Amino acid sequence: VHDIYYHDLVGRDPLNHETIWQNIRTKQRHLYNFREAIWGNLDVALWDIKGKAANMPIAVLLGKYRNRVPVYSSCPPQTVTTVEEVAEQVQIKKGKGFKGIKLQLSGGSKIDIPKLIKARETAGDDFPLMLDSSAVLSFEDALKIGFALDELKYEWFEEPFPDAHIVLLKKLSQAIRTPVLAAETVGLFELPHYMTEGAIDIIRGDVHHKGGITGVMKALGMCEMMGYEFEIHTAASPLLDIANLHVGCATRLTRFLESHHPMFRFGLKNNPLEIREDGCQYCPTGPGLGVDMDWDWIDDHTVEKFAGPVY
């Protein structure tokens, strides 16, 4: 990675993020073994530099819309293997103040529908619940689950099939009332097809998968012009999720941010990824990403250091 992108970055003006972004986009065409995720990580670093140079938070540079975003908590599949565990997790997460709960279930309709029912019974009628099936369902099974979600009034049905199965996504979206959320793994320049085809109801993305902050802001522009919501997916990396928080505070199209396992919220002081009493994450007010690294923690957990050549 160091060797490939070195000359696109070193000696360039980091304030001209669009020039660098477009140059890397052109190079990316022939980097078959590298996904947009690496490109996105580099872009986040440029925005951090830009914010520090301007002495402003990234959200302010983007045109801040709000100071906080409501957060839902995801239940990893290993924590909800039984109906009883579902009830326990819903009680715990609701008690912690999260504004919604997403179940990650991929057992199929026979196994998962009883868990969906139990979650609704435990959470109450009006509490936001979501389902993520991790792209493993057949169309027939997804249809059964979708009809159950309609009756249980879930907020969305996430990734029932792989994102590439655009025809199945469109068929399901047309058959059920619950909004179908997908396109997490879709590249930025394939994203418009999901909107123009009416394949899904809500767009999924984050700075990791959609070309960094620059790419996500382009995706948000598409969504606003086409009338779509854009729900931000966790990047499962603390600095990238801080970048997601800045983006979430610069748009009205995102209802929630996602909070996953605490293992993904490491190495930061006064961590803004932890929710406050109102169930929200608050935008950092320092320049750039606006967070301080906990270098003592990082040093204590460092196993090996890597460095590329210096040209």
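Residue numbers start at 1 and run along the sequence shown. Fair warning: this is a prediction, and the values are worked out from it, not measured in the lab.
For Arg66 (side chain) and Thr251 (main-chain N/O), a donor-acceptor pair under 3.5 Å exists by modelled atom type. With hydrogens and angles disregarded, a donor-acceptor distance shorter than 3.5 Å links the side chain of His246 to the backbone of Leu289. A donor-acceptor pair under 3.5 Å is formed between the side chain of Arg120 and the backbone N or O of Leu152. Side chain of Asp201 to main chain of Pro179: no donor-acceptor pair is present (N/O by atom type, distance under 3.5 Å, no hydrogens or angles). With hydrogens and angles ignored, the 3.5 Å screen pairs a side-chain donor or acceptor of Asp163 with a backbone N or O of Thr185. Between the side chain of Ser73 and the backbone N or O of Phe98, no donor-acceptor pair lies under 3.5 Å. Although no hydrogens or angles enter the test, the distance criterion places no donor-acceptor pair under 3.5 Å between the side chain of Glu158 and the main chain of Met130. Side chain of Lys170 to main chain of Glu197: a donor-acceptor pair is present (N/O by atom type, distance under 3.5 Å, no hydrogens or angles). Checked by atom type and distance alone, the side chain of Asp43 never pairs as donor or acceptor with a backbone atom of His17 at under 3.5 Å.
Here CE of Met226 is found 10.0 Å from CG of Leu191. Values are rounded to the nearest 0.5 Å. Considering OG1 of Thr214 and CG of Leu188, their distance stands at 10.5 Å, rounded to 0.5 Å. To the nearest 0.5 Å, atom CD1 of residue Ile298 and atom CG of residue Asp294 are 6.5 Å apart.
Shown here is Met222, whose CE atom has more than 12 heavy atoms of other residues, nucleotides or ligands within 6.0 Å. Counting heavy atoms of neighbouring residues, nucleotides and ligands inside a 6.0 Å radius, atom CH2 of Trp297 exceeds 12 of them. Residue Asp125 qualifies as open at atom CG: its count of foreign heavy atoms under 6.0 Å is 12 or below. Counted within 6.0 Å of NZ on Lys99, heavy atoms from surrounding residues, nucleotides or ligands total 12 or fewer; the atom is thus considered open.
Annotation: side chain of Ile20 is not in contact with side chain of Asn23 (no heavy-atom distance under 4.5 Å). Within the 4.5 Å cutoff, the side chain of Val80 has no heavy atoms near those of the Gln104 side chain.
Seen from the ring of Trp39, Lys27 does not count as a face-on cation partner, given the 6.0 Å and 45° thresholds. Taking the ring axis of Phe189 as reference, the NZ or CZ atom of Arg25 stays within 45° of it and closer than 6.0 Å to the ring centre. No cation-pi contact links Arg204 to Phe230, judged by a cut-off of 6.0 Å to the six-membered ring centre and 45° from its axis.
The shortest non-hydrogen separation linking Ser133 to Pro160 is CB-CA, 4.2 Å.
Lys210 has no carboxylate O lying under 4.0 Å from a charged side-chain N of Asp206, or vice versa, which leaves the two without a salt bridge.
If you check the side chains of Asn67 and Lys64, you find a donor sitting under 3.5 Å from an acceptor.
Sequence neighbours left out, not one pair with a member in residues 233-245 passes salt bridge (Lys or Arg N to Asp or Glu O under 4.0 Å).
Between Tyr72 and Trp156, the ring-plane angle classifies as perpendicular under the 30° and 60° cut-offs.
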Table please: side-chain donor-acceptor pairs of residues 261-271 below 3.5 Å, with sequence neighbours left out.
unit_1	atom_1	unit_2	atom_2	d
His261	ND1	Met263	N	3.0
Arg265	NE	Glu274	OE2	3.3
Arg265	NH1	Ser259	OG	3.1
Arg265	NH1	His260	O	2.7
Asn271	OD1	Leu273	N	2.8
Asn271	ND2	Arg265	O	3.0

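The side chain to side chain contact (heavy atoms under 4.5 Å, CB included) check on Ile111 picks up Lys115, with sequence neighbours excluded.
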